[in-house]
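Structure first, commentary second.
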Amino acid sequence: PPDKFNTGVLVVHPDPAVYSSLLNYAATVMSNQDQPVLNSFFSDWFSLPAPHRLSFDFNVLQTVSSYYEPAWTLLRQRMKALHFAGAQSMKPWSFE
């Protein structure tokens, strides 16, 4: 199983106790980025039931089109969100 999750597309609805714990934890972590903090706090995420995870269709990386054409062809018809990850040059507003 993957050991990390991507926070580019993320739906979070923690109960108040989890939210409070997360805020306290985040204040102690040496990172100003959400992804490392959330991955370390929810380190057991993959052991939770699958219905608690969004499918790959909701977080397709834009680079799939250039490095694995068969996957892009398959996913194009059903993708819900295209994730423009990486450098600013890879963001949609950077293209002419």
Side-chain angles (χ1 to χ4, degrees):
D3 60 348
K4 305 279 188 236
F5 58 86
N6 185 286
T7 59
V9 177
L10 184 67
V11 176
V12 180
H13 187 165
D15 67 50
V18 172
Y19 181 67
S20 179
S21 294
L22 175 57
L23 290 179
N24 290 332
Y25 177 76
T28 68
V29 177
M30 299 298 290
S31 178
N32 62 353
Q33 298 175 344
D34 61 302
Q35 191 162 304
V37 173
L38 291 170
N39 269 288
S40 60
F41 185 79
F42 294 107
S43 60
D44 64 342
W45 73 275
F46 202 78
S47 66
L48 297 172
H52 288 84
R53 297 189 293 273
L54 291 174
S55 72
F56 188 72
D57 303 349
F58 286 91
N59 196 14
V60 178
L61 292 173
Q62 86 280 15
T63 53
V64 169
S65 66
S66 58
Y67 70 80
Y68 195 56
E69 182 66 30
W72 178 254
T73 301
L74 177 72
L75 292 167
R76 251 181 109 175
Q77 300 305 313
R78 60 179 223 229
M79 78 173 71
K80 311 291 188 286
L82 186 60
H83 181 173
F84 289 87
Q88 285 297 314
S89 63
M90 297 298 292
K91 306 298 182 189
W93 52 84
S94 299
F95 299 101
E96 292 186 19

Inset, instruction - Examine distances only and state if a side-chain atom of T28 and a backbone atom of Y25 form a donor-acceptor pair shorter than 3.5 Å. - result: yes

Legend entry - Side chain proximity check, L38 to W45, heavy atoms < 4.5 angstrom: no

Inset, instruction - Indicate if L22 and L48 have the same hydrophobic cluster label, given that clusters are the connected sets of ILVMFWY residues with side-chain heavy-atom separations under 4.5 angstrom. - result: no

Legend entry - Least distance between heavy atoms, W72 atom then M79 atom: CZ3-CE, 3.5 Å

Inset, instruction - Return the minimal non-hydrogen interatomic distance between Q62 and H83, and the atom names on each side. - result: OE1-O, 2.7 Å

Inset, instruction - State plainly whether one hydrophobic cluster holds both L75 and Y68, where clusters connect Ile, Leu, Val, Met, Phe, Trp and Tyr through side-chain heavy atoms under 4.5 angstrom apart. - result: yes

Inset, instruction - Check for a donor-acceptor pair, side chain of N59 on one end and backbone N or O of A81 on the other, with a separation under 3.5 Å. - result: no

Legend entry - Whether T73 side chain and E69 backbone form a donor-acceptor pair below 3.5 Å: yes

Inset, instruction - Locate the shortest heavy-atom distance separating T7 from D34; write the atom from each residue and the value. - result: OG1-OD2, 2.7 Å

Inset, instruction - Identify whether NZ of Lys or CZ of Arg in K91 sits under 6.0 Å from the centre of the six-membered ring of F84 and within 45° of that ring's axis. - result: no

Inset, instruction - Would you indicate whether the side-chain heavy atoms of V18 and F41 approach each other to under 4.5 Å? - result: yes

Inset, instruction - Look at atom OH of Y19 and say whether more than 12 heavy atoms of other residues, nucleotides or ligands are closer to it than 6.0 Å. - result: no

Inset, instruction - Would you name the heavy atoms of S89 and S94 that are closest together and state the gap between them? - result: O-CB, 3.8 Å

